[in-house]
Amino acid sequence: MNADFLAHPAEEVAPKLLGSVLTCKTPEGTVSVSITETEAYSGAADPASHAYRGQTPRNAVMFGPAGHLYVYRSHGLHWCANVVTGTDGIASAVLIRAGRVIAGEDLAGQRRGERVTSSRLARGPGNFCQALGITGEHNGMDLLSGTSVMLSEGESVPAAHIRVGPRVGVSKAHDWQHRFYLAGDPTVSAYRLSPRAKPSAGA
């Protein structure tokens with residue numbers, strides 16, 4: 001995978017990331033996950049985006065260049081991983097919502113708990129990061145340079161296997177059709193409408 005693949009708006013890249021593999025190497029070992037669910041977030045035009053009101057120290061990685069990892073803490077509890085896309089200087093990122101562990105399942109299981117089934121190890125953005133061992137220390141890392149966190153091509157996913165729907169758990173622009181996932185895959189997280197969600201105009 002190269003930067004050109006990611007140098008497009010998030011809503012164009014998000015479905016193409018399905019089947020790609022995110023790998024994280026830590027002192028404990030290595031875990032690789034095949035991506036099965038994504039969500040696209042833009043910048044100033046997207047009310048649900050962290051970059052909606054402009055650049056801050058927290059969201060600076062979103063503004064480019066493409067191919068870097070944007071990691072943030074959700075509700076003060078869970079880390080969430082995003083692949084930065086688009087043009088340098090314009091905020092755009094794809095949230096990785098879920099995946100299937102294809103290497104390092106034992107380590108992922110230790111991190112998630114012995115009662116967690118294989119299909120749920122990386123189901124949901126917080127669980128995805130926990131299984132891989134991704135934390136705030138990985139924020140800003142280049143995913144294409146062979147560092148401790150790497151994004152690589154995986155199995156090709158036929159367009160007929162991809163489903164599109166509204167984003168999960170956001171209160172603004174929740175009905176934008178920017179969520180992409182593999183049909184019938186047990187690792188995909190359940191849809192949840194935010195209780196604060198209101199109808200919105202947009203994509």
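The backbone N or O of Asp4 sits less than 3.5 Å from a side-chain atom of His8, completing a donor-acceptor pair. No donor-acceptor distance shorter than 3.5 angstrom exists from the side chain of Glu114 to the backbone of Gly109, with no hydrogens or angles considered. In this structure, the side chain of Arg179 does not engage the main chain of Gly165 through any donor-acceptor pair within 3.5 Å. Although no hydrogens or angles enter the test, the distance criterion places a donor-acceptor pair under 3.5 Å between the side chain of Arg73 and the main chain of Leu77. At least one donor-acceptor pair closer than 3.5 Å links the side chain of Arg112 to the backbone N or O of Arg120. Judged purely by atom type and a 3.5 angstrom limit, Thr23 has no side-chain atom pairing as donor or acceptor with the backbone of Ser32. The main-chain N or O of Asp175 is found under 3.5 Å from a side-chain atom of Gln177 such that the two form a donor-acceptor pair. Using a distance-only test at 3.5 Å, with no hydrogens or angles considered, no donor-acceptor pair links the side chain of Arg58 to the main chain of Gln55. Formation of a donor-acceptor pair under 3.5 Å by the Asp142 side chain with backbone atoms of His68 is not found in this model. The main-chain N or O of Thr56 is found under 3.5 Å from a side-chain atom of Asn59 such that the two form a donor-acceptor pair.
To the nearest 0.5 angstrom, Lys16 atom NZ is 11.0 Å from Glu11 atom CD. Distance check, rounded to the nearest 0.5 Å: CD of Glu153 to CG of Leu17 gives 11.0 Å. Annotation: the span from Met150 atom CE to Leu144 atom CG amounts to 11.0 Å, rounded to 0.5 Å. Atoms CG and OG1, from Leu107 and Thr30 in turn, are 8.5 Å apart once rounded to the nearest 0.5 Å. If you take OH on Tyr70 and CG on Asn139, they are separated by 7.5 Å, rounding to the nearest 0.5 Å. Atom CD1 of Ile162 and atom CG of Asp185 lie 12.0 Å apart (nearest 0.5 Å).
Between Pro125 and Leu95, the shortest heavy-atom contact is CB-CD1, 4.2 Å. Closest approach of Pro166 and His174 over heavy atoms only: CB-O, 3.2 Å. Nearest approach of Arg123 to Pro186, heavy atoms of both residues: NE-O, 3.5 Å. Closest approach of Ser74 to Cys80, counting heavy atoms only: CB-SG, 3.7 Å. Pairing each heavy atom of Trp176 with each of Ala45, the nearest pair is CH2-O, 3.1 Å. Of all heavy-atom pairs spanning Gly154 and Val21, the tightest one is CA-CG2, 4.1 Å.
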Check: Going through the checks in order, is the side-chain hydrogen bond (donor to acceptor under 3.5 Å, both in side chains) test met by Glu155 and Ser34?
Finding: CA-CA 9 Å; Glu155 297 181 2; Ser34 177; over 6 Å; no
Next item on the list: Check the pair Ser92 / Ser42 against side-chain hydrogen bond (donor to acceptor under 3.5 Å, both in side chains), numbers first and verdict last.
Entry: CA-CA 4 Å; Ser92 180; Ser42 304; 5.4 Å; no
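Phe5 CZ: more than 12 foreign heavy atoms inside a 6.0 Å radius. Other residues, nucleotides and ligands contribute at most 12 non-hydrogen atoms within 6.0 Å of the CZ atom of Arg53.
Residue Leu22 is not grouped with residue Val188 when hydrophobic side chains (ILVMFWY) are merged at heavy-atom distances under 4.5 angstrom, including chains of intermediate members. Note: the hydrophobic cluster containing Leu132 does not contain Val84 (ILVMFWY, side chain heavy atoms under 4.5 Å, direct or indirect links). Residues Val33 and Leu143 fall within the same hydrophobic cluster, defined by Ile, Leu, Val, Met, Phe, Trp and Tyr side chains chained together at heavy-atom separations under 4.5 Å. Cluster membership for Ile35 and Leu182, using ILVMFWY side-chain heavy atoms within less than 4.5 angstrom, is shared.
At least one side-chain heavy atom of Leu18 sits less than 4.5 Å from a side-chain heavy atom of Phe180. The closest side-chain heavy-atom distance from Val101 to Val31 is below 4.5 Å. Within the 4.5 Å cutoff, side-chain heavy atoms of Ser20 are placed close to those of Met1. Proximity of Val116 to Asn127: side-chain heavy atoms (C-beta onward) are nowhere separated by under 4.5 Å. Within the 4.5 Å cutoff, the side chain of Leu69 has no heavy atoms near those of the Val61 side chain. Contact check for Ile134 versus Val71: side-chain heavy atoms found under the 4.5 Å cut-off. Contact of the Thr187 side chain with the Leu121 side chain is not registered, since no non-hydrogen atoms from C-beta on lie closer than 4.5 Å.
In summary, the aromatic rings of Tyr72 and His50 are positioned with their centroids under 6.0 Å apart.
Relative to the ring axis of Tyr41, Arg167 places its NZ or CZ within 45° and under 6.0 Å from the centre.
Every residue meeting the salt bridge (Lys or Arg N to Asp or Glu O under 4.0 Å) condition with Arg111, not counting sequence neighbours, appears here in chain and number order: Glu28. Residues meeting the side chain to side chain contact (heavy atoms under 4.5 Å, CB included) test with Ala93, sequence neighbours left out: Met62, Asn82.
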